[in-house]
Amino acid sequence: MFNSCADPATIEGLTWLLCYLTTGKHLLFYTSFGVVLLLMLITAPAALAFGFGGAMAARSHFLPLSLIGKAYTAMVRGVPDIIFFLFVPIALDQAFEYLRHKTKCPDWDQPIWQGNDFVVCAEAKLPLSSSPQWIHETYGFTLAVLAFAVVFGAFASNVIYGAMQAVPRAQMETAEAYGMSHRQSFWRILVPQMWVYALPGLSNLWMILIKATPLLFLLGVRDIVYWARELGGSKTSHFDYPHPDWRVWYFVALLFFYLLMTKLSEKVLRRITLRLSHGQATLAGEMQRKAAR
Amino acid sequence: MKTLILTAAALALTAGLASAQTVRLGTEGAYPPYNFINDAGEIDGFERELGDELCKRADLTCEWVTNDWDSIIPNLVSGNYDAIIAGMSVTEERDKVIDFTQEYVPPAPTLYVGRSADADIKGVVAAQTATIQAAYVAESGATLLEYPTPDETIAAVRNGEADVVLADKDFLMPIVNESNGELVVVDQIQIGGGVGMGVRESDTELKAKFDAAIQSMKDDGTLNPLIVKWFGEDAALW
Amino acid sequence: MSCVQTIQDYALRSIGIGERLLPKGDMTLCEHVTLIGSGLIWNIYYGALALFFGFFLANAIAVAKASGNPWLRKPAEWFVFVFRGSPLFIQFFLAYETFVLLPRTGIDLHLGFTTITVATSWLSKAWAGALIVLFLNTAAYSGEIFYGALRSVPKGDIEAADAYGMSGWSRFRRVIWPTMMRLAWPAYTNEAIFLFHATTLVYFSGFPAFQQKGDALYYATYFASKTFNPFVAYPVIAAYFIVLTLSIIGLFGVVNRYLNRHLPKERRSRIRLRPQIIR
C-alpha cells in the first residue's frame with residue numbers, strides 16, 4: 001500500500017506493523033466487517049417480513065394456515081439454530097437446482113441422486129459454472145441471508161404474534177364500534193400499536209442477530225471469522241510477513257468489535273423505545289405525557 | 001474512434017468465448033507451499049503457478065476458488081467448481097467418488113513432527129480432518145486429534161496439545177526449518193500416492209485435457225524446476 | 001450389518017465404547033440415528049452440568065448486581081456485559097486459545113509454607129474447557145434473568161417480612177429468594193432450552209474432537225459431508241433436539257408447579273410459550 005512497504009524483509013518495528021496491517025489481505029479483512037454489517041442490515045427487514053407473515057398465518061382463521069404459522073413459530077424453540085444454518089442453504093440450493101433441472105432438462109434420464117452425488121444437468125446449475133466469481137459469491141451470500149431470515153423470521157414471528165395478542169382488546173372493540181372492517185382495524189389499530197409491545201422482543205432479537213453473525217463462516221462466506229483465522233495463523237517465509245500464531249489477538253479484536261456493537265445497539269434501541277412509547281396507552285407513554293405537562 | 005474501440009472489444013469478447021472454456025479450480029488456500037493466500041489476498045503457491053500454466057496449455061480460462069478442506073470433494077461433485085487442485089493425494093477411497101488426473105507431484109513421504117525426537121508417535125497425533133493422515137491415525141489406534149485446518153495441527157504440537165503432527169513432508173519441512181529447533185522430525189512413513197487433480201467422474205473431457213497438459217509439462221521439463229522452486233532441492237522429482 | 005449390531009457398535013461411540021472406526025461407504029438410517037444419538041450424550045452432559053453449576057453463580061451475580069456496593073455491583077455488571085455481549089462462538093475460541101497457552105506442566109502456586117502444582121492440561125479438553133465456558137455463559141444470562149426478577153419482587157412481600165422481624169439472610173432465604181425464583185422461572189426455562197441448543201457449538205469452534213468422539217452435531221455433519229445429503233442427518237438431529245426440548249419443558253414445568261403451589265390457580269404464572277427474551 002505504501003511505498004516504504006515494497007520490501008517487507010528489510011523493515012521492522014512500527015513500520016513493519018503498519019505495513020503488515022495494510023496488506024491486501026488485511027484490507028479484505030476490514031471489508032469483511034462491511035459484509036457482516038450488510039448481512040445484519042439485509043437480514044433484519046427480511047426476518048421482520050418473514051416474522052410478520054408467520055404471525056399473520058398463525059392468527060389466521062383458516063386452520064391449515066394457522067397450523068403452518070404456529071409450527072414455523074415453534075420450530076426455533078425445538079431445534080438449535082446452527083442446524084438450520086447448516087441445513088437451509090444446502091437444502092435451498094438443491095431444491096432450486098432440482099426445480100430448474102425439471103424444467104430445463106425434461107429428457108434427462110439418469111437419477112438425480114446417484115449414490116452420494118447430487119447430479120443435475122449443466123444448464124440447471126445455480127449459478128451456471130461459467131458465471132464469474134462474484135456471481136458465485138453473491139449467490140452464496142444470498143443463501144446465507146435466506147437462512148438467517150428463515151431462522152430469525154421464526155424468532156420474530158414469536159415476538160410479533162405475542163405483541164399482537166398484547167394490544168388491549170378494548171382498542172379493537174372500539175375500532176369495531178366505529179364500524180371498521182376486520183382488515184381496517186388490523187392495519188389501522190392493531191399494527192401501529194403492536195410495535196411498542198414487540199419492541200423489547202425485537203431489540204433482544206437484534207442482539208441475538210449480532211451474536212449469530214460469526215456463524216456466517218460456517219456457510220462458506222468469507223466473513224470476519226474466516227479472515228481472522230486466516231490472518232492469525234502462523235506464517236512461514238513463503239509469506240511476505242512471517243509471524244507466529246497470532247490468532248488470539250485477532251479474536252480479541254473480534255470480541256471488542258462485538259462488544260462495541262452491543263453497546264451501540266443498546267444505546268440506539270433505548271432511544272427508539274423512548275420515541276415509540278410516545279402517545280401510547282402504556283405505562284411508559286403515560287409517564288411521558290405527565291412529564292411533558 | 002468510439003465505435004472502433006467498441007468493435008474491437010466485441011471482437012475480443014467473441015474470440016474469448018469461442019476459444020476458451022471457463023473452468024473453476026477449487027483449492028484450500030491454507031496449505032503452503034502447495035496453496036495459500038498471500039499477503040495481497042490472492043491465491044498463491046506451487047499449485048497456483050502450476051494450475052495457471054496447465055490452463056494456458058489446455059487453452060482454458062481458469063478461475064480460482066477456495067473451499068474448506070473437509071467439504072472440498074462434496075462441492076466438486078455438486079458442481080460448485082470443476083477441478084480440485086489442493087495437494088490432494090490420490091487414494092483408492094477418493095478415487096471411488098471422483099476421478100484423478102495423472103499425478104503432478106511424485107509420492108512424497110509423510111512426516112511425524114514433534115517437539116523432541118523421542119516424541120510418542122503412538123500418543124496423541126494431530127491431523128487435519130478428512131486427510132489420508134487422519135484416516136491412517138484412526139486406523140493405527142493412536143489417539144487422533146482432528147483440526148479443520150493444517151495450521152491448527154501445527155499449533156497443537158507447539159502448545160503441547162498433541163505429541164506429534166502427521167502431515168505431508170512438503171508442508172512440514174519449511175515449518176520445521178524455521179522453528180529454530182522447536183520442532184523436529186520424529187519419523188517418516190510412506191502413505192498414499194502422489195498428488196493429482198480431482199475432477200468429476202462424468203467429466204472425462206476435462207480430465208483428458210489436464211492429463212495432456214501435465215504430460216506436456218513433464219515432457220518438456222518445466223514441471224521439475226517448478227517443484228524445486230517451491231519444495232526445495234531435496235524434493236522428489238519426476 | 002443389522003441394526004442391532006450397529007447399535008451395539010455405535011450407541012456409546014461418542015464416549016469411546018464400541019467400534020473405533022466410524023461407518024464408511026453407504027450409510028444406513030440406522031447408523032445415522034444411532035451415532036447421532038450417541039453424540040447427544042455430550043450435549044446433555046454439557047447442558048445439564050453447565051446449568052447446574054451456572055444456577056449458583058447466577059444467583060450470586062443477581063444479588064451482586066442488585067447490591068448497593070459498587071465493588072460487588074461493577075464486576076457483576078461487567079461479567080454479564082462481556083458474556084451476553086459477545087458471541088459464544090468467539091468465547092469458545094478465545095477460551096481454547098487461552099487454555100492451550102497455559103503451561104503444560106502446571107502452574108506452581110506458592111502458598112508461603114508450601115508449593116502446590118495446579119495441573120492445567122485438562123482445561124484444553126472439551127469436556128472441561130467447553131463446560132467452563134458454557135457455565136460462565138449461562139451464569140451471565142441467567143444472572144440477568146434473576147436480577148430482573150429480583151427487582152420485581154413485590155414491595156409488600158419485603159415489608160411483610162420486615163413486620164415479622166425477619167432481616168438479612170433469613171429474609172432473603174425465606175421471602176425474597178422464593179419469589180424471585182417463581183418470577184424468573186419461565187424465562188429461566190427458555191434459557192435452559194437455548195443453553196442446550198448452544199452445546200452444539202462446542203466442537204464447531206475451537207475445541208477439537210479426540211478420536212472422533214464428538215457431540216450430536218459433530219456426527220450429523222460427518223454424515224452430511226460424507227453422503228452430501230443433508231435431508232437425512234439434519235432431520236435426525238432436529239428430531240433428537242425436539243425431544244430434548246420437550247423433556248426440558250416438562251421437567252421445568254414440574255418445578256414451576258412446585259414454585260407456584262401456594263398461589264390460587266388463576267394467579268399461577270405459566271411458562272410462557274411465547275417468550276420476549278430469548279438468549
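Keep in mind that what you see is a predicted model, and the values were worked out from it rather than measured.
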Practice problem: Might you confirm whether atom CH2 of W246(A) has over 12 heavy atoms from other residues, nucleotides or ligands at distances under 6.0 Å? | Solution: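 More than 12 within 6.0 Å, yes.
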
Quiz item: More than 12 heavy atoms of other residues, nucleotides or ligands under 6.0 Å from CZ of R151(C): is that the case?
Solution: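 Open.
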
Quiz item: Contact part of T98(C) toward chain A, heavy-atom cut-off under 4.5 Å: side chain, backbone, both or neither?
Solution: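 Contact with chain A involves no heavy atom of T98(C) at all.
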
Quiz item: What part of L260(A) gets closer than 4.5 Å to chain C, counting heavy atoms only: side chain, backbone, both or neither?
Solution: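 Neither part; nothing is under 4.5 Å.
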
Exercise. Sort V225(A) into side chain, backbone, both or neither according to what part of it lies under 4.5 angstrom from a heavy atom of chain C.
Key: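 It is the side chain, since no backbone atom gets that close.
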
Kindly compute the distance separating [atom1] ([X]) from [atom2] ([Y]), expressed to the nearest 0.5 Å.
| X | Y | atom1 | atom2 | answer |
| --- | --- | --- | --- | --- |
| R84(C) | K211(A) | CZ | NZ | 6.0 Å |
| F194(C) | D81(A) | CZ | CG | 8.0 Å |
| I82(A) | T221(C) | CD1 | OG1 | 8.5 Å |
| L255(A) | S86(C) | CG | OG | 5.0 Å |
| R77(A) | T245(C) | CZ | OG1 | 8.0 Å |

Exercise. Grab the two heavy atoms, one from V248(A) and one from L94(C), that are nearest each other, plus how far apart they are.
Key: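 Nearest heavy atoms, V248(A) then L94(C): O-CD2, 3.8 Å.
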
Exercise. Give the minimum heavy-atom separation between T262(A) and G85(C), together with the two atoms involved.
Key: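 Residues T262(A) and G85(C), closest heavy atoms: OG1-O, 2.7 Å.
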
Under 4.5 Å, counting heavy-atom pairs only, tell me which of [options] racks up the most with chain C.
| options | answer |
| --- | --- |
| A74(A), A212(A), P214(A) | P214(A) |
| Y258(A), F256(A), F257(A) | Y258(A) |
| M261(A), R247(A), E266(A) | R247(A) |

Exercise. Mark yes or no: K263(A) above the aromatic ring of F81(C), with NZ or CZ under 6.0 Å from the six-membered ring centre and no more than 45 degrees from the axis.
Key: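 Judged by the rule, K263(A) and F81(C) form a cation-pi pair.
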
Exercise. Compute the ring centroids of Y234(C) and F84(A), then answer whether they are less than 6.0 Å apart.
Key: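 No, they do not, as the ring centres are separated by 6.0 Å or more.
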
Practice problem: Side-chain contact test, heavy atoms from C-beta onward, threshold under 4.5 Å: evaluate it for I83(A) versus H197(C) and give yes or no. | Solution: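 Of all side-chain heavy-atom pairs linking H197(C) with I83(A), none is under 4.5 Å.
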
Quiz item: Given the options F93(C), Y96(C), Y240(C), which has more heavy-atom pairs under 4.5 Å with chain A than any of the others?
Solution: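 When all of F93(C), Y96(C), Y240(C) are compared, F93(C) has the most.
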
Exercise. Among T200(C), I237(C), I242(C), find the residue that satisfies the side-chain contact (heavy atoms from CB on, under 4.5 Å) test when tested with V79(A).
Key: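 Testing V79(A) for a side-chain contact (heavy atoms from CB on, under 4.5 Å) against T200(C), I237(C), I242(C) leaves exactly one candidate, I242(C).
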
